[in-house]
There are 2 protein chains.
Amino acid sequence: MSAHAHRELTKNQALVFGSLSDAGGPLTAYAILDLLREDGFRAPLQVYRALDKLVEFGMVHRLESLNAFVACSHKDCTGHGSAAFAICEKCGDVREFTPDDAVGLLKNWTESQGFALARTTIELRGTCKGCVASG
Amino acid sequence: MSAHAHRELTKNQALVFGSLSDAGGPLTAYAILDLLREDGFRAPLQVYRALDKLVEFGMVHRLESLNAFVACSHKDCTGHGSAAFAICEKCGDVREFTPDDAVGLLKNWTESQGFALARTTIELRGTCKGCVASG
DNA sequence: CTGTTTATGTTATGTTGTAACACAGATAGC
DNA sequence: GCTATCTGTGTTACAACATAACATAAACAG
Ligand SMILES: [Zn+2]
Ligand SMILES: [Zn+2]
Ligand SMILES: [Zn+2]
Ligand SMILES: [Zn+2]
């Protein structure tokens, strides 16, 4: 478990967030379900409902290209600007960062088109430094 | 049907690409399957195998946040730099563009981290100009 | 204390994507 | 010609991801 104690999570939300924090990396909803069976979880909806709230709170991010979820890398995070993720295809490591400059340029484009931007998905696939070195 | 005639597609590849071109927007694999049943398609693998090749050729893009596929908006396209997509959540319209400037900044970040970038997923969700006006 | 909201539990179902195996056609080498 | 190999195809079965529908319970405002 860790951080984010300032928000009162429900029991299920706390269990799901704890799983993701402990994992230190992305987990699928069904992987979380298996981790939490000993805590009484029985059905995928228990996980998905908690994840929906945690994503809404900004404490968890969804990785669209992995169909997985990851705890925000910021301590005591209650939400921040558009995040991006560098995903290593060798080792599965995920690094979160906040490319405000690139997002600004994307936002410029949407504004020039009259498109009202609500949220962004930016996921970079490749090979991390460690895996490049070892492979 | 349309364009891309310079590449020799197999029968199934041509049928799948034709469906996507005719649709003028994103389709899920199963939607394509239903469209092609009258052409003899019976199983999802027939669609997925064709889509894999079309994506490899750069003629079709996968939209991760929709679990859907869309024909490249460029005529006679055999592949191009990193594409991005603005997806209207009201009407479902998808606009493809190529934000070289923003991708350059993202690439700068990956290089500073020793991350070998292979490909990008950039999907912007929001409301298109027409839907903003009418809503 | 009653109507409303939020969270939860449970069953069943819907949607998206692959594994495994069999077969057909092209084609390159002998 | 006749194999070996590669690519594309067809089919069944299954795995993985996500939600609908309905019931119950706790929290809380009027
Ligand atoms: Zn974050
Ligand atoms: Zn790695
Ligand atoms: Zn394109
Ligand atoms: Zn629209």
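In what follows, every heavy atom counts, from backbone to side chain, and hydrogens, waters and symmetry copies are set aside.
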Participant: Given C/dG9, D/dC17, C/dG17, which nucleotide is nearest the side-chain atoms of B/Y30?
Facilitator: C/dG17
Participant: Please round to the nearest 0.5 Å and tell me the distance separating atom CG of A/D22 and atom CG of A/L27.
Facilitator: 9.5 Å
Participant: Which pair of non-hydrogen atoms, one from B/V70 and one from B/G25, has the smallest distance, and what is that distance?
Facilitator: CG2-C, 3.9 Å
Participant: In whole angstrom, what separates B/N12's CG from D/dG10's C1'?
Facilitator: 9 Å
Participant: Answer yes or no: is there a donor N or O on one side and an acceptor on the other, between the side chain of B/S112 and the main chain of B/W109, under 3.5 Å?
Facilitator: yes
Participant: C/dT10 P sits how many Å from A/R37 CZ, rounded?
Facilitator: 12 Å
Participant: To the nearest Å, how far apart are A/L63 CG and D/dC17 C1'?
Facilitator: 15 Å
Participant: Does the side chain of A/Q46 get closer than 4.0 angstrom to OP1 or OP2 of C/dT8 through an N or O atom?
Facilitator: no
Participant: Checking all strands, does B/A43 fall into the base, sugar-phosphate, or nothing category for heavy-atom contacts under 4.0 angstrom?
Facilitator: base
Participant: In this structure, how many angstroms lie between the C1' atom of D/dC17 and the CG atom of A/L27, rounded?
Facilitator: 15 Å
Participant: Of the listed nucleotides (D/dA18, D/dT9, C/dG9), which one gets closest to any side-chain atom of B/K11?
Facilitator: D/dT9
Participant: Using only atom types and a distance under 3.5 Å, with no angle test, would you say the side chain of A/Q46 pairs donor to acceptor with the backbone of A/A43?
Facilitator: yes
Participant: Taking the nucleotide of DNA chain D with the nearest heavy atom to each, does B/R42 or A/R62 sit closer to the 5' end?
Facilitator: B/R42
Participant: What's the CZ-P distance between A/F57 and C/dT6, to the nearest Å?
Facilitator: 11 Å
Participant: Just the rounded figure in Å: distance from P of D/dA18 to CZ of A/F41.
Facilitator: 16 Å
Participant: With a 4.0 Å cutoff (strictly under), does any side-chain N or O of B/T10 reach OP1 or OP2 of D/dT9?
Facilitator: yes
Participant: Give the rounded distance in Å between these two atoms: OH of B/Y48 and P of D/dA15.
Facilitator: 17 Å
Participant: Under 3.5 Å, is there a donor-acceptor pair linking the side chains of B/T121 and B/E64?
Facilitator: no
Participant: Determine whether any donor atom in the side chain of B/R49 lies under 3.5 Å from an acceptor atom in the base of C/dG17, or the reverse, and answer yes or no.
Facilitator: no
Participant: From the set C/dG17, D/dG10, C/dA7, return the single nucleotide nearest to any side-chain atom of A/K53.
Facilitator: C/dA7
Participant: Less than 4.0 angstrom between a side-chain N/O of B/N67 and OP1 or OP2 of C/dT15, yes or no?
Facilitator: no
Participant: Nearest-Å distance, CD (B/E64) to C1' (C/dT16)?
Facilitator: 12 Å
Participant: For B/L45 and B/Q13, find the nucleotide of DNA chain D closest to each by heavy atoms; which residue's nucleotide sits nearer the 5' end?
Facilitator: B/Q13
